[in-house]
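Values below: every heavy atom of this structure, side chains too, minus hydrogens, waters and symmetry copies. Nothing fancy with the numbering, it's 1 onward along the sequence. The structure displayed is predicted, hence computed values, not measured ones.
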Amino acid sequence: MRSTARTRLRLAGALAAVLVAAGTAAGPAAQAGERHHPRPTLAGLAERHGRYFGSATDNPELTDTAYTGVLGHEFDMITPGNGMKWYATEPRQGVFDWTAGDEVVDLARSHHQRVRAHTLVWHSQLPDWLTSRTWTADELRAVLKNHIRTEVRHYRGKVYSWDVVNEAFNEDGTYRETLFYKTLGPGYIADALRWAHEADPHAKLYLNDYNIEAVGPKSDAYYALAQQLRAQRVPLDGIGLQAHLALQYGYPATLEDNLRRFSRLGLDTALTEVDVRMLLPATADKLAQQADWYRWMTEACLAVRRCAGITVWDYTDKYSWIPAFFPGEGAALPWDEQLAPKPAYYALREALD
């Protein structure tokens with residue numbers, strides 16, 4: 001990006017902090033002015049392009065009213081970060097608990113938002129009863145089928161899409177040696193998609209993974225699998241590219257080409273878990289680079305007709321998962337820990353405008 005654009009982003013970030021403070025001090029008068037001259041939201045801007053703009057959320061933060069105020073206003077698609085995963089929804093075999101997932105769905109409905117449901121089959125965050133014993137293929141197939149059918153039926157008509165199978169491949173494009181792969185073989189993916197479709201024929205069904213933004217061995221594996229599934233008429237609607245990026249590893253320059261090749265297979269794509277982390281401390285230069293990346297990802301999605309939308313993996317650094325999993329890294333999201341917009345937020349607006 002040219003230096004003038006970088007300067008503009010830095011000034012925008014500084015201006016945001018001033019406006020947040022001024023809005024807080026101005027109180028009802030400022031709020032009344034906003035009602036008379038509402039600024040388009042990220043979702044509103046994305047809608048002009050036929051896209052959605054969403055955020056993940058998680059149940060513990062829903063008691064934070066300042067947080068939920070932005071969540072309910074700025075986005076039109078919500079993803080439950082944990083509440084629909086297997087450990088939460090079937091903590092004991094055959095005993096289902098919808099409390100956490102329902103809370104997010106109800107919140108989304110109250111704000112006229114849709115829900116990207118996440119996730120039915122994943123190797124992580126499984127309940128102990130599932131991982132602590134050995135299953136025969138017939139036993140595990142029955143357990144998997146029951147879990148998928150029961151959960152998808154519960155949310156039938158309430159969600160836009162499902163991440164049906166999450167993170168099925170290794171970095172080199174080989175299948176991840178999960179409980180499901182080792183016991184059932186690669187056919188578990190097609191079965192999961194079929195069972196989900198039977199339970200809710202109207203929900204869009206995705207495969208979802210990280211480090212598949214660029215063309216390479218892992219994204220090639222998904223491309224080959226998608227070709228195979230489409231040839232077999234397995235109900236697959238899209239590929240979710242998580243887009244957990246890090247400044248120190250470089251931008252995936254072939255993102256648009258990758259989105260386009262999946263589109264040519266007749267599949268939707270989506271950027272499903274977007275964040276751009278950095279080595280701390282955050283600096284003006286790092287925040288400007290981060291803003292570039294958010295802009296470029298958005299422009300790539302807008303350039304490919306079948307890229308359905310973008311979801312940030314929560315919108316604020318206050319609730320980011322990054323610091324707990326990548327010590328010394330963070331500042332990954334478009335809003336800071338005080339819920340003030342960062343340069344990345346203005347870059348998103350600029351790309352969508």
Side-chain angles (χ1 to χ4, degrees), residues 6 9-24 39 41-43 46 53-83 104 107 113 116 118 210 213 242-249 251 271-298 310-352:
R6 287 183 179 274
L9 284 173
R10 293 188 188 114
L11 290 174
L15 177 61
V18 173
L19 291 175
V20 169
T24 302
R39 180 181 63 182
T41 63
L42 291 178
F53 204 98
S55 175
T57 192
D58 206 2
N59 300 82
E61 58 226 44
L62 299 185
T63 58
D64 182 341
T65 55
Y67 165 84
T68 56
V70 177
L71 181 71
H73 173 70
E74 196 78 40
F75 306 99
D76 61 351
M77 187 76 73
I78 300 296
T79 299
N82 289 295
V104 174
L107 179 73
Q113 298 163 315
R116 288 197 82 260
H118 174 84
Y210 64 92
E213 296 75 35
Q242 293 181 14
H244 291 297
L245 305 185
L247 294 182
Q248 62 269 29
Y249 299 129
Y251 181 79
L271 306 182
T272 57
E273 304 184 18
V274 178
D275 47 30
V276 181
R277 67 187 188 269
M278 63 186 69
L279 297 172
L280 298 174
T283 64
D285 283 342
K286 289 177 185 176
L287 291 173
Q289 184 182 4
Q290 179 188 65
D292 288 346
W293 288 25
Y294 271 103
R295 176 190 292 101
W296 297 340
M297 280 190 280
T298 303
I310 298 169
T311 297
V312 290
W313 205 240
D314 223 320
Y315 70 86
T316 167
D317 294 334
K318 184 176 182 179
Y319 296 116
S320 174
W321 69 291
I322 296 295
F325 285 83
F326 297 95
E329 301 180 46
L333 294 163
W335 280 259
D336 69 17
E337 293 185 6
Q338 287 72 48
L339 307 187
K342 293 157 60 177
Y345 169 77
Y346 292 95
L348 288 169
R349 295 188 63 85
E350 188 177 276
L352 291 167

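Contact record, Gln248 with Leu279: NE2-CD2, 3.9 Å, taken as the closest heavy-atom pair. For the pair Pro341 and Tyr346, the tightest heavy-atom approach, listed with the atom from each and the gap, is CB-CE1, 3.8 Å.
Ring to ring, Tyr315 and Tyr67 are close: their centroids are under 6.0 angstrom apart.
A distance of 6.5 Å separates CD in Glu74 from CZ in Arg39, rounded to the nearest 0.5 Å. Taken to the nearest 0.5 Å, the CE atom of Met278 stands 11.5 Å off from the CG atom of Leu245. If you take CG on Leu42 and CG on Asp76, they are separated by 9.5 Å, rounding to the nearest 0.5 Å. In this structure, CG on Leu333 lies 6.5 Å from NZ on Lys342, to the nearest 0.5 angstrom. In this structure, CE on Met77 lies 7.5 Å from CZ on Arg116, to the nearest 0.5 angstrom. Here the CG atom belonging to Asn82 is positioned 4.5 Å from the CG atom belonging to Asp58, to the nearest 0.5 angstrom.
Asp275 is listed as a side-chain neighbour of Trp321, based on a closest heavy-atom distance under 4.5 Å. Counting heavy atoms from C-beta outward, Leu271 and Met297 have side chains that approach closer than 4.5 Å. Side-chain contact between Leu62 and Thr57 is present, with heavy atoms from C-beta onward closer than 4.5 Å.
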Can you check ring pair (Phe, Tyr, Trp, His ring centres under 6.0 Å) on Trp335 and Tyr294, steps first, answer last? CA-CA 12 Å; Trp335 280 259; Tyr294 271 103; 9.8 Å; no

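Panel note: side chain Gln113, backbone Phe75; a donor-acceptor pair is recorded below 3.5 Å.
For the residue pair Glu213 / Gln242, no side-chain donor-acceptor distance below 3.5 Å is found, with atom types taken as modelled.
Considering only residues two or more places apart in sequence or on other chains, Pro80 meets the side-chain contact (heavy atoms from CB on, under 4.5 Å) condition with Met84, Val104, Val115. Evaluation of the salt bridge (charged side-chain N to carboxylate O under 4.0 Å, His left out) rule for Asp314 yields no partner, not counting sequence neighbours.
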